[in-house]
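A short worksheet on the structure shown next.
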Amino acid sequence: MNCSLDSFIEGSSGNGEVQASGSASEAKSFSGYLVEVGYDGERKSAFIKFYDPNHNRIRVWYDNTGHLPYCYVKEGLDAVKSNEAVAKHPGLERLESAVKYDALRDVKVELTKIVAKDPLSIGGKPSGSIRDLVKAWEADIKYVENYIYDLSLKPGLPYVVKEDSIVESEFEIPEEAKQTVQDTIREREKEYVDLTLNWLKLLECPVPWYLRAALDIEVYSDVANRVPDPREAEYPVICASIVGNDGRSHIYLLEREGFEKKDLPSLNAEVQFYDDEKALLTEVFKRIEEYPFIITFNGDDFDLRYLYHRAERLQIPRETVPIELSKDSASLRRGVHIDLYKFFFNKSIQVYAFSQKYRENTLDEVAVSLIEEGKIEIQNPISQLTYQELAEYCLNDAELTLKLTTFNDDLVMKLITILARISYMGLGDVSRQGVSNWIKSMLYKAHRERNMLIPRSDDILSLKGITTTQAIIKGKKYKGAIVVEPVQGVHFKVSVLDFASLYPSIIKVWNLGYETVICPHEDPACRGNLVPGTPLWICKRNRALESLLIGTLRDLRVKWYKPKSKDPQLPEEKRKLYQVVQNALKVVLNASYGVFGAETFPLYCPPVAESTAAIGRYVITKTIEKARSLGVNVIYGDTDSIFLGNPERAQLEKLMEWSREELGLELEIDKEYRYVALSSRKKNYLGVYPDGNVDVKGLTGKKRHIPVFLKEAFSQLIGILSQVQSREDFEMAIEKIKGIVRKCYLDLKARRMPMEDLAFHVMISKTIEGYVKTTPQHVKAAQLLEGSGYEVKPGDIISFVKVLGDPGVKPVQLAVKEEIDVGKYLEYFTSTFEQVLDALGVDMEELMGGTKLEAFFGG
DNA sequence: ATCTATGGCAAGCCGA
DNA sequence: TCGGCTTGCCAT
């Protein structure tokens, strides 16, 4: 794709001045990856940022037409409002009046973003007749925030930037990938195949190495444990560290009275002292400018924000400050800022990309979990540390931050790049925003490419309505998945079958989307295509955009990236990249169903979400029926999986074949267990693999908040059960378990374990005052904490122990061993163990020989 | 300018 | 004392 760069000029890299257009022509020729597109409020122009990997720098191109965007004019819109022609815009055709589109409101939204290169907007104000306005709009819809869309620019992909045009770099899809994908996808529609190949091109393209540095600062504070307000920036920056992945590390220290200045040779960094904070900051800014990417942990809200305001306060000239602030983020004038705090905080990333390896979102927790290194523990408040301690601490933070982007072959940078390509968002945006925004951006882009209008949320709602089924859980909008009542007991040789990416597959196969649910056609083919268990029907004429996009992504993951990520033939490096892509697709696909049921999603469409779940129920129910008719013992199932007791190969094959033929869905063998112990509770089981590995699902003994003491006892229990080979082995196992129970009880009674091991760890999700209906125990503990001078914020983990007397809990920090309520812990212990034991058919009392625990121990 | 969904369990709170 | 409700954590 060729795009004109006529109107763009390149911002020079040195001093913030802009070179004149034309004179920069030789500098214009380079190749680089598109990393960010946006609007610069100060300069009042749009920009494109490229990362040039040959020179390791960002090159920014500003729009120089001078009359760019923001020509929102109310009168013009009011006029358009009354114009019927707008409502008959051809772009509406595809919606088939399914969505009676109030084009006007879209104009209002989009006008703010129109590139005003037509005569209608002179000096930023549209003029001319309504007719002209509409015409111009039809002919030339330009979305600003979206030069991406305008110019069909794809973030994360390489371009060759020439004299005054930019050209997508030549890249051919590897033949094997192309062939495999073409051979394996079922769909034969041209649109489907083309789109799949398009994605493939996007995802196969190599990811560059990014030159980058992590930044961390420390600020003086006269109150210990209080974080200084970055908007006030009233205290001096006493230390800053910048650690690059080019091997350079720098520490900037502020000289202060009462601290003895000396060399700090033990640090693996270049150390510089400054007696003037202004000079220090200026150096830091210079260094920042040397790196195309700056990585922080919470830089949006703290480090960069503080530096900006501190610079303001110290009257450092604006041109030397490379930072630009917006409400919730901080960016760099000539670089890209990535705030890992926001990235790792993203629930989807946490769960699907890092399988919940970290639970709290602090630098320490994330780093310990992912790279097995933590923050340096300091005994004194920051402001009292020696230069050596301060420098070490600050440097370590920056090093950790950098390592979070370098570990596992730059995994995080690759993940961000791939997500940027899927979502058509810049690297910075994709790392800050949530999955609903990625999917929104992806779908919007697809609409624009096809010249379809983007429907308004309330139009979808009023035309497609709300849901028709009743949720099981009070307060939910519609009925969700089925969980099969487990057959309590121990089952040997269990196969677990599941539908790979069930919901995305359903969206694909059933053609779900806001256009196609309850489509307006009178066609009996459509009307008769009912969603099982609902009065809803699905269009047979047109393919829904959502179905198309989600379907193609699903196919690529299932048919190409997932298998390739495990292919031992591939070199390590290649395989890892496939793993990253596979994971990125997982993140997007897993969220793709949920967003349609989320009010905040701009294409919110309850019947789409409802249909997906309803079809899921239908699919699993039919599969269970089929399995039973084949004589297989179905012992459990949840949403998209069924657990089969001792099935024959042939039966499994038949079932999978049936699913492919009858349901059009791929049913696969997910796991095979040596045995599974099912309790009577749903979503609670324990499965032992042939090699002795154990899956523990839902059992209390594994939950985050329970005391270490219980977790350890529980894991001993699991250890014993993992050795059980056959039914006969249980007897011995139970004897061993008795031993554990006895030991734990005695330890508890004698209060032998450290008190920390008895602490529950529960997250407080609101402020203390936010709890009005009830006051749960962790909140009571939090109140006590606050009373003794600690600060408690939402998201903090409250550690408390159960004690005798009122209110029954105390924060660990404040409790003493003697007041521990041993009885309560015994109850917990019993119930934790019971969950496993009742699956084995023994209860605690029986285990102890028919007596109550207390009696058994003479307690 | 943020924010995928529903189902299920254990424990504790609190009003009837 | 009982039962519904709130909360947090987990499964999918």
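Numbered from 1 within each chain, the chains take letters A, B, ... in sequence-line order. Heavy-atom basis, side chains included; hydrogens, waters and symmetry copies ignored. The model shown is predicted, which means the values in this text are computed figures rather than measured ones.
In this structure, NZ of A:Lys682 is placed 17 Å from P of B:dT6, rounded to the nearest angstrom.
Across the C1' atoms, B:dT4 and C:dA11 are found 16 Å apart, a figure rounded to whole Å.
Proximity of the aromatic rings of A:Phe596 and A:Tyr604 is defined here by a centroid distance below 6.0 angstrom, and this criterion is not met.
Checked against B:dT4, B:dA11, B:dG8, the side chain of A:Val595 finds its nearest nucleotide in B:dT4. In the set B:dA1, B:dA5, B:dT4, the nucleotide with an atom closest to the side chain of A:Tyr352 is B:dT4. Residue A:Tyr478 has its side chain nearest to B:dA5 when only C:dT12, B:dA5, B:dG12 are considered. The side chain of A:Lys802 has B:dG12 as its nearest neighbour among B:dG12, C:dC10, B:dT6. The side chain of A:Tyr771 lies closest to C:dG8, out of C:dC9, B:dC14, C:dG8. With B:dG8, C:dG8, B:dC3 as the candidates, the nucleotide lying closest to the side chain of A:Ile473 is B:dG8.
Applying the 4.0 Å criterion to OP1 and OP2 of B:dC9, one finds that A:Thr700 has every side-chain N and O outside that range.
Nearest heavy atoms, A:Ile506 versus A:Thr612: CD1-O, 3.8 Å.
Along DNA chain B, the nucleotide closest to A:Lys479 and the one closest to A:Phe601 are compared, and the more 5′ of them pairs with A:Phe601.
Salt-bridge annotation for A:Asp638 and A:Lys682: absent, with no side-chain N of the basic residue lying under 4.0 Å from a carboxylate O of the acidic one.
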